[in-house]
Amino acid sequence: MTVVTRFAPSPTGFLHIGGARTALFNWLYARHTGGKFLLRIEDTDRKRSTKEAIAAILEGLDWLGLDRDGEPVYQSARSERHAEVARELLDAGHAYRCYCSPEELAEMRKRAQAEGRSTRYDGRWRGRDPSEAPDGVPPVIRFKAPQAGETVVDDAVQGEVRVANAQLDDMVLLRADGSPTYMLAVVVDDHDMGISHVIRGDDHLNNAFRQANVYQAMGWPVPVFAHVPLIHGPDGAKLSKRHGALGVEAYRDMGYLPEALRNYLLRLGWSHGDDETISTAQAIEWFDLPGIGRSPARIDFDKLANLNGHYIRETPDRDLVGGVGGVGARVATLLKRPLTSEEEVRLTAAVGELKQRAKTTQELAESSLFYFSNGAPEPDAKALKLLSGEAPALLARLGPVLGGETDWSADTLEHAIRGFAEAEGVKLGKVAQPLRAALTGRAASPGIFQVLKVLGREESLARIEKLSRT
RNA sequence: GACCCCAUCGUCUAGCGGUUAGGACACGACUCUUUCAAGGUCGAGACACGGGUUCGAUUCCCGUUGGGGUCGCCA
């Protein structure tokens, strides 16, 4: 059997982190099995669906690197087919017309609740003859759900899940205006698209029972269901905007790399022994359904950051500046001006060291700023401390020594500075720290010889001279 | 409230009847070192509770507690 999976978001918002993981799992499973990964936009609810949301979802998937097979299917374009299936169900006696008005249903629920009964639809039109239909009330079509026995779903993640059919009510398939409901549309579309595996959020587990019954009524094979537990916020509560329920583009803007996010999301709910750092290629090779965990997970930004740092270090300097990392663009934004080509060269020379200590590409961009300031940046408190006491005098003596160097390479500079420290009778740190403060305005930076080299002879000497005069 | 799902260090997890309960992030110490990171070494840290089943339960079953989800002419 060929595997066909799908990601089926409703375009009412951006692609959030939970949806991204669902998409990732579906994509991975399709790629792992050599099957297909399809995209379906569930825009049945025209009122709440927006073009912007569709664009955001498409962009999000694209940025995450989850390529789909074929063009996206728009559910709204398929309403004719949905209605057709509803009619078939009606003809076969698996569905019936219900003439309850919304007001009547609200009243029914209110009473049920007051009496402590279940608020499910009571099936009052199930056996009634259409001739009893009231005037002027357009009917909905409801599914005739089995009333006795139980419905069993053999879930690839949750195992065998069962519910008494008495718990299931006759859900609406076709609204009064003839439009299909989600419950009908998913089943019809998943069937027509040949979906073999439905991998989706846990919040759909209860729907699976209802959907399984529709499949059966139509005589269609039921796909494999795999309900993945939801992602919670760091506090265990539902994901909110404050912590993580952001669109993937927000993660991109914050400076996370797509591969890092993929790796993080993969490990959030799926495992392969003790493996933690898993490349996408490796993930495709390993991904399977039994590896998906059954319990909900909390998002952990520290771990994401750690993984991101790892992938930043792995990314070639050039790609970091211009490609996925977009560090060049970030620096330009911070500087509020485009980089000169000379600066771009300098940035590329600098990232190799800078990336060793960055958790995000945004952080990386910020840490490079001292290379582009006009003169040394204003020293911060710690740097100021390093520049007090003997330091200015020391730098004043160091200046000419470095000025005498003709070969401005890291090795030569290191040799010269170590020699200087020795001649002064101080440890290297006594020279390196004030020098660092003078060049970068900070107490922490990449290796100081590297900084000198990237900054260049002229700029370095100018910064030293300026500070040594104070 | 009814129904469904879940339960191992703070977090993500390994474990699939017999283990000194393993790894990762975070945390602490040390190390490396021109600073900060990264790296290395070490440390602290968990089987929610109560019953069964079994020679033996973290592991299987039941219950309790706790968490989550679903109860729309939304998806």
Side-chain angles (χ1 to χ4, degrees), chain A residues 8-12 42-45 47-49 75 98 100-102 105-106 109 113 116-121 138-142 153 155 157-159 161-164 166-169 171-177 179-183 185-186 201-209 227 229-230 232 234 236-238 264 267-277 293-307 309-310 313 353-359 367 382 386 414 417-418 421 427-437 440 442-449:
Chain A
S10 62
T12 51
E42 308 232 314
D43 54 352
T44 305
D45 186 350
K47 289 189 287 291
R48 296 203 305 155
S49 302
Q75 195 158 60
C98 165
C100 289
S101 64
L105 288 174
R109 287 197 192 95
Q113 194 162 34
R117 289 181 291 111
S118 164
T119 56
R120 283 172 290 115
Y121 172 68
V140 299
I141 294 181
R142 284 185 183 273
V153 167
D155 193 273
V157 173
Q158 308 292 349
V161 185
R162 48 185 68 224
V163 69
Q167 298 296 329
L168 272 25
D169 65 353
M171 76 267 192
V172 172
L173 298 174
L174 221 53
R175 289 187 268 257
D177 66 359
S179 66
T181 61
Y182 163 79
M183 215 56 89
V186 242
D202 218 353
D203 49 340
H204 286 284
L205 186 55
N206 286 287
N207 293 335
F209 298 117
H227 287 96
L230 267 21
H232 294 157
K238 195 174 173 165
Y264 178 71
R267 282 290 291 105
L268 199 61
W270 180 86
S271 60
H272 184 270
D274 282 342
D275 295 301
E276 294 285 348
T277 306
R294 293 143 303 275
S295 49
R298 303 180 182 200
I299 193 160
D300 177 2
F301 289 100
D302 282 333
K303 193 156 182 172
L304 207 208
N306 175 274
L307 228 25
H310 168 83
R313 274 173 258 129
E353 275 286 313
L354 255 17
K355 74 180 180 184
Q356 302 303 326
R357 49 217 99 208
K359 296 271 189 245
S367 73
K382 283 177 185 164
L386 289 170
E414 174 163 4
I417 293 171
R418 282 188 189 278
K427 283 193 183 170
L428 179 58
K430 280 287 175 206
V431 180
Q433 280 304 81
L435 181 56
R436 184 187 318 283
T440 71
R442 299 288 112 94
S445 83
I448 198 64
F449 311 120

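Below, read A as the first sequence line, B as the second, and so on, with proteins coming before strands; counting in each chain starts at 1. Values below: all heavy atoms of this structure, side chains included; hydrogens, waters and symmetry mates excluded.
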Distance, rounded to the nearest Å, where [X] contributes [atom1] and [N] contributes [atom2]:
X        : N     : atom1 : atom2 : result
A:Lys303 : B:U11 : NZ    : C1'   : 8 Å
A:Gln433 : B:C36 : CD    : P     : 7 Å
A:Leu428 : B:U33 : CG    : P     : 12 Å
A:Arg294 : B:C16 : CZ    : P     : 13 Å
A:Arg357 : B:U33 : CZ    : P     : 16 Å
A:Gln167 : B:C5  : CD    : P     : 12 Å
A:Phe301 : B:C12 : CZ    : P     : 13 Å
A:Asp274 : B:U8  : CG    : C1'   : 14 Å

Think [X] has a side-chain N or O under 4.0 angstrom from the OP1 or OP2 of [N]?
X        : N     : value
A:Lys355 : B:A37 : no
A:Ser271 : B:A14 : yes
A:Arg418 : B:U34 : yes

Legend entry - Contact state string [nucleotides 39-49 of chain B, B base, S sugar-phosphate only, - no protein heavy atom under 4.0 Å]: -----------
Inset, instruction - Spell out protein contact along nucleotides 67-75 of chain B as letters: B when the base is contacted, S when just the sugar-phosphate is, - when no protein heavy atom is under 4.0 Å; keep the 5' to 3' order. - result: -SBS-SBBB
Legend entry - Least distance between heavy atoms, A:Lys382 atom then A:Ala443 atom: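 Nearest heavy atoms, A:Lys382 then A:Ala443: CB-CB, 3.7 Å.
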Legend entry - Nearest heavy atoms of A:Ala166 and A:Arg120, plus distance in Å: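 Heavy-atom minimum between the residues: O-NH1, 2.7 Å.
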Could I get the full list of side-chain contact (heavy atoms from CB on, under 4.5 Å) partners for [X], not counting sequence neighbours?
X        : value
A:Ser271 : A:Arg267
A:Ala208 : A:Val153, A:Arg200, A:Phe225, A:His227
A:Asn306 : none
A:Asp274 : none

Inter-nucleotide [atom1] distance ([N], [M]), Å rounded:
N     : M     : atom1 : result
B:G10 : B:G69 : C1'   : 24 Å
B:U53 : B:U58 : P     : 16 Å
B:C32 : B:U41 : P     : 15 Å
B:C62 : B:C9  : P     : 22 Å
B:C49 : B:U8  : P     : 11 Å
B:A24 : B:U35 : P     : 26 Å
B:A57 : B:A21 : P     : 15 Å
B:G45 : B:A29 : C1'   : 15 Å

Applying a 4.0 Å non-hydrogen cut-off, can you work out what [X] is touching in the nucleic acid: base, sugar-phosphate, or nothing?
X        : result
A:Gly293 : nothing
A:Lys359 : sugar-phosphate
A:Ser295 : sugar-phosphate

Legend entry - Test side-chain hydrogen bond (donor to acceptor under 3.5 Å, both in side chains) applied to A:Asp169 - qualifying residues, sequence neighbours left out: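 Partners of A:Asp169 by the side-chain hydrogen bond (donor to acceptor under 3.5 Å, both in side chains) criterion, ordered by chain and then number, come out as A:Arg210.
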Legend entry - Residue list, side-chain hydrogen bond (donor to acceptor under 3.5 Å, both in side chains) with A:Arg294, at least two apart or on another chain: none
Using purine N1 to pyrimidine N3 plus N6-O4 or O6-N4 for Watson-Crick, or N1-O2 and O6-N3 for G-U wobble, both under 3.5 Å, which nucleotide pairs with [N]?
N     : value
B:C25 : B:G10
B:G1  : B:C71
B:C49 : B:G63
B:U20 : none
B:C36 : none

Inset, instruction - Output the single nucleotide from B:A37, B:A2, B:U13 whose closest atom is nearest the side chain of A:Gln356. - result: B:A37
Legend entry - Contacts of A:His204 that satisfy ring-ring contact (aromatic ring centres under 6.0 Å, His included) - sequence neighbours left out: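 Scan of A:His204 (ring-ring contact (aromatic ring centres under 6.0 Å, His included), adjacent residues dropped) gives A:Tyr182.
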Legend entry - Nearest-nucleotide 5' precedence on RNA chain B, A:Ala164 against A:Tyr264: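 Here A:Ala164 is the residue nearer the 5' end.
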Legend entry - Side chains of A:Arg436 and A:Thr440, donor plus acceptor under 3.5 Å: no
Inset, instruction - With rounding to the nearest 0.5 Å, note down the distance linking OH in A:Tyr264 to CD1 in A:Ile299. - result: 5.0 Å
Inset, instruction - Give a yes or no answer on whether the side chain of A:Ser10 reaches the backbone of A:Asp43 with a donor-acceptor pair at less than 3.5 Å. - result: no
